[in-house]
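Scroll down for the structure; my scribbles are underneath it.
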Amino acid sequence: MHRIVNVVGVGGSSRPESTAEQALRVVLDAAQQRGASVQLISGPSLAMPLYDPRQGATAPQARRLLSAIAGADGLVLASPAYHGGISGLVKNALDHVEELREDRRPYLSERAVGCVAVAHGWQGAVSTLAALRDVTHALRGWPTPLGAAINTSAARFSPAGTCKDTHVQGQLEEIAAQVVEFASARALAASRTESAR
Ligand SMILES: Cc1cc2nc3c(=O)[nH]c(=O)nc-3n(C[C@H](O)[C@H](O)[C@H](O)COP(=O)(O)O)c2cc1C
């Protein structure tokens, strides 16, 4: 039995419609076109107190984020490069995933994670993409084979919600395809295991 898979996008910056958020929206739109239901957690929704393991996730934004991630079949992470790495806003949100360590699927396990980095140059874009993929590994997620390192001095987004650079647009759509394909395969395998019981 096929069911609709749920893809959650997390990222952006405190600026609404930031470049990272626009890139994230492109991936989520493409995932939706492939039949997924999608949810975006970006901008102000990511503004939460610094993660403190002694306190857990107390802020409503943190609880909403964790609930969305716990229910996701696949994820997309997007961060701007801040001084060569993931922005504090995005990293702090990801630090909260520690609270899912005892979840049915701990951390990001069993899920494909598409990673997207945006920067004003190639060096920051590439190092931030590598950092996002490292964090995904650390959280037991499966980074998709393709990630996107976007140099915003060369690739811009249109108000219509696509990237004007067709190569980048294609990369973002391919990331969506890989997340949805993995999520759908896992969902199908899980339903077969369930019905065999
Ligand atoms: C605090 C700060 C640090 C940044 N550090 C870098 C950097 O190390 N390398 C880089 O290429 N761009 C850097 N940038 C530029 C952003 O990554 C770039 O403008 C990005 O496109 C902005 O994304 P946004 O529109 O999603 O906020 C920095 C920007 C800020 C505000």
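All ligand and atom numbering here is 1-based and tracks the order in the structure.
Interface of Arg15 with ligand 1, defined as ligand atoms under 4.0 Å from a residue heavy atom, comprises 24 (P), 25 (O). Applying the 4.0 Å criterion to heavy atoms of Gly121 picks out, from ligand 1, the atoms 11 (O).
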Decide side-chain contact (heavy atoms from CB on, under 4.5 Å) for Arg34 and Gln32; before the verdict, give the C-alpha distance in whole Å, the side-chain angles of both, and the deciding distance to 0.1 Å. CA-CA 5 Å; Arg34 290 175 175 272; Gln32 200 167 34; over 6 Å; no
Show the numbers, then the answer: is there a side-chain contact (heavy atoms from CB on, under 4.5 Å) between Phe157 and Lys164? CA-CA 5 Å; Phe157 290 82; Lys164 291 180 182 171; over 6 Å; no
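Considering each of Val90, Val118, Leu24, the one bringing a non-hydrogen atom nearest atom 20 (C) of ligand 1 is Val118.
Closest protein heavy atom to atom 8 (O) of ligand 1: Gly84 N, 2.9 Å. At the shortest separation from atom 2 (C) of ligand 1 among protein heavy atoms lies Tyr82 CD1, 3.5 Å.
Arg133 places a side-chain N or O within donor-acceptor distance of the main-chain N or O of Thr144, the cut-off being under 3.5 Å. Here the side chain of Arg105 pairs a donor or acceptor atom with the backbone of Ala72 at under 3.5 angstrom. With Ser109 contributing its side chain and Gly141 its backbone, the two residues share no donor-acceptor pair below 3.5 Å.
For ligand 1, the polar-atom distance check finds no N/O of Ala125 at less than 3.5 Å from any of the ligand's N/O atoms. Between Ala81 and ligand 1, a contact under 3.5 Å exists for at least one N or O pair. An N or O contact shorter than 3.5 Å links Thr152 to ligand 1 by distance.
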